[in-house]
Amino acid sequence: MTQKITAAITAVGGYVPDYTLTNFELEKMVDTNDEWIRTRTGISERRILKGEGKATSDMAAPAVLDLCAKRGISPTDIDCMIVATVTPDMVFPATANIVCDKIGATNAWGFDLGAACSGFLFALSTGAMFIESGRYKKVVVVGADKMSAIVDYTDRNTCVIFGDGAGCVLLEPNTDGLGLQDAILKSDGTGRNYLNMKAGGSAYPASIETVTRREHFAHQEGKTVFKYAVTGMADVSAELLEKNNLTGNDIAWLVPHQANLRIIDATAQRIGLPREKVMINITRFGNTTAATIPLCLWEWQDQLKKGDNLILAAFGGGFTWGAAWVKWGC
Ligand code: UT7
């Protein structure tokens, strides 16, 4: 009998830029204050990628090289690269192609995946299928966003939230049952008006008018998104546990998308996990969109043990949301 192949996470990489934008610095840019930002979001500071022409691929590339070094492989060993992002270097070609070129992953094919803050979860699920099918042996899944490229630093509703960063995982075949066990992924396009970047696509191509109307920046109706996010992320996590006959006691870590500490707390509470079992780095990195979940794994990897049950959960633009159950594999 052939053994079932699962997609195990066998290495993690990450990269955050050096420049730290603090709440105090934002106080000088817009009408806000450190106390409001910390109590309403949990954020104290975020990283910003500076430099002319510096792009999402300039964070994804060092993150993937970090991963290769940890696993002791060469970029030429990578078969496939999926980059989840809403801030690609260019509309086309795909940022995955640029990352592969920058690191010398000459044997890999790749593509970008757009699912906003749920991008990493969607890409992980997609990449896992390439492994489970037996078709590929080394699939890299990246979540990377240079949110500072699309944030309006005169809009206090959004500029205090977002930051830049990149994280990634390596997926490899496993026959001991480690890796992605199950995922529930959802999307609902009726949410598109509440969180979007209106112009620059085919509906409203760039023009003097779209620039003047500031439509090339991320727009969010925070209160509405919060309402959907706080129930969406908690509900889907609870649904995943129930579907797999798991309780909070079976879970070693919750790895939540870092959009707002209040949303993270609500999700943890719903599935019965204390704060000590929740990965939280929103305080230092803010909301890095597709990068939040892999950046958590990157920071916590030394505390993870083979076989640990992890619940990854996200909610974001689209709307998109979901949860994944992973048995840690390295
Ligand atoms: O990652 C993708 C998914 N995104 C999310 O999950 C984000 C969901 N939304 C949120 O996290 C929250 O809605 C925000 C953090 C964006 C905003 O927090 P909130 O508690 O929902 O605030 P609010 O928008 O209801 O605004 C409350 C008050 C308003 O003033 P008034 O009308 O009560 O006088 C705002 O004008 O806070 C004001 N405000 C601010 N004050 C100081 C809004 N932004 C700021 C600010 N500094 N930066």
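Read the numbers this way: they start at 1 and go in the same order the structure lists the ligands and their atoms.
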Considering only heavy atoms, which of [options] lies nearest to [atom]?
atom: atom 1 (O) of ligand 1; options: Val160, Asn287, Thr292; value: Asn287
atom: atom 11 (O) of ligand 1; options: Val225, Asn260, Leu195; value: Asn260
atom: atom 38 (C) of ligand 1; options: Met147, Lys227, Arg156; value: Arg156

Could you tell me, atom by atom, which parts of ligand 1 come under 4.0 Å of a heavy atom of [X]?
X: Asn157; result: 43 (C), 44 (N)
X: Phe226; result: 8 (C), 9 (N), 10 (C), 11 (O), 13 (O)
X: His257; result: 1 (O), 2 (C)
X: Ala229; result: 6 (O)
X: Ile263; result: 6 (O)
X: Ala259; result: 1 (O), 5 (C), 6 (O)
X: Phe315; result: 2 (C), 3 (C)

Tell me whether [X] contacts the main-chain N or O of [Y] through its side chain, where contact means a donor paired with an acceptor under 3.5 Å.
X: Gln269; Y: Ala266; answer: no
X: Asn107; Y: Thr76; answer: yes
X: Thr95; Y: Asp89; answer: yes

Legend entry - Thr158 and ligand 1 - part of the residue with a heavy-atom distance under 4.0 Å: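 None of Thr158 does.
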Inset, instruction - May I ask you to identify, for Trp36, whether its side chain, its backbone, both or neither come under 4.0 Å of ligand 1 on a heavy-atom basis? - result: side chain
Do NZ/NE/NH1/NH2 and the carboxylate oxygens of [X] and [Y] come within less than 4.0 Å?
X: Asp164; Y: Arg47; value: no
X: Lys227; Y: Glu221; value: no
X: Asp77; Y: Lys138; value: no

Could you identify the single nearest non-hydrogen protein atom to [atom] and state the distance to 0.1 Å?
atom: atom 4 (N) of ligand 1; result: Gln220 OE1, 3.1 Å
atom: atom 18 (O) of ligand 1; result: Arg262 NH2, 3.7 Å
atom: atom 2 (C) of ligand 1; result: Cys117 SG, 3.0 Å
atom: atom 46 (C) of ligand 1; result: Thr32 OG1, 3.3 Å
atom: atom 27 (C) of ligand 1; result: Arg40 NH2, 4.0 Å
atom: atom 24 (O) of ligand 1; result: Lys223 N, 4.5 Å
atom: atom 16 (C) of ligand 1; result: Ile161 CD1, 3.6 Å

[atom]: any protein heavy atom closer than 4.0 Å:
atom: atom 36 (O) of ligand 1; value: yes
atom: atom 31 (P) of ligand 1; value: no
atom: atom 6 (O) of ligand 1; value: yes

Inset, instruction - Decide if the gap between the ring center of Phe130 and the ring center of Trp109 is smaller than 6.0 angstrom. - result: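 Close enough - the centres of the two rings lie under 6.0 Å apart.
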Legend entry - Centroid-centroid distance, Phe319 to Tyr228, less than 6.0 Å: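 Close enough - the centres of the two rings lie under 6.0 Å apart.
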Legend entry - Candidate pair Arg275 and Asp265, rule salt bridge (Lys or Arg N to Asp or Glu O under 4.0 Å), full reasoning: CA-CA 8 Å; Arg275 263 270 182 103; Asp265 282 340; 2.9 Å; yes
For the residue pair [Y] / [X], report whether a side-chain donor-acceptor contact shorter than 3.5 Å exists.
X: His257; Y: Ser118; value: no
X: Trp325; Y: Asn309; value: yes
X: Asp145; Y: Thr87; value: yes

Inset, instruction - Flag Gly222 as yes when one of its N or O atoms lies below 3.5 Å from any N or O atom of ligand 1, and as no otherwise. - result: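 N/O-N/O distance under 3.5 Å: yes.
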Legend entry - Contact (N/O only, under 3.5 Å) between Thr41 and ligand 1: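 In this structure, Thr41 places no N or O atom under 3.5 Å from an N or O of ligand 1.
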Inset, instruction - State, to 0.1 Å, how close Asp66 and Gly13 come at their nearest heavy-atom pair, and which atoms those are. - result: OD2-CA, 3.3 Å
Legend entry - Heavy atoms from other residues, nucleotides or ligands near OH of Tyr194 exceed 12 (cutoff 6.0 Å):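 No, because the 6.0 Å sphere around OH of Tyr194 holds 12 heavy atoms or fewer from other groups.
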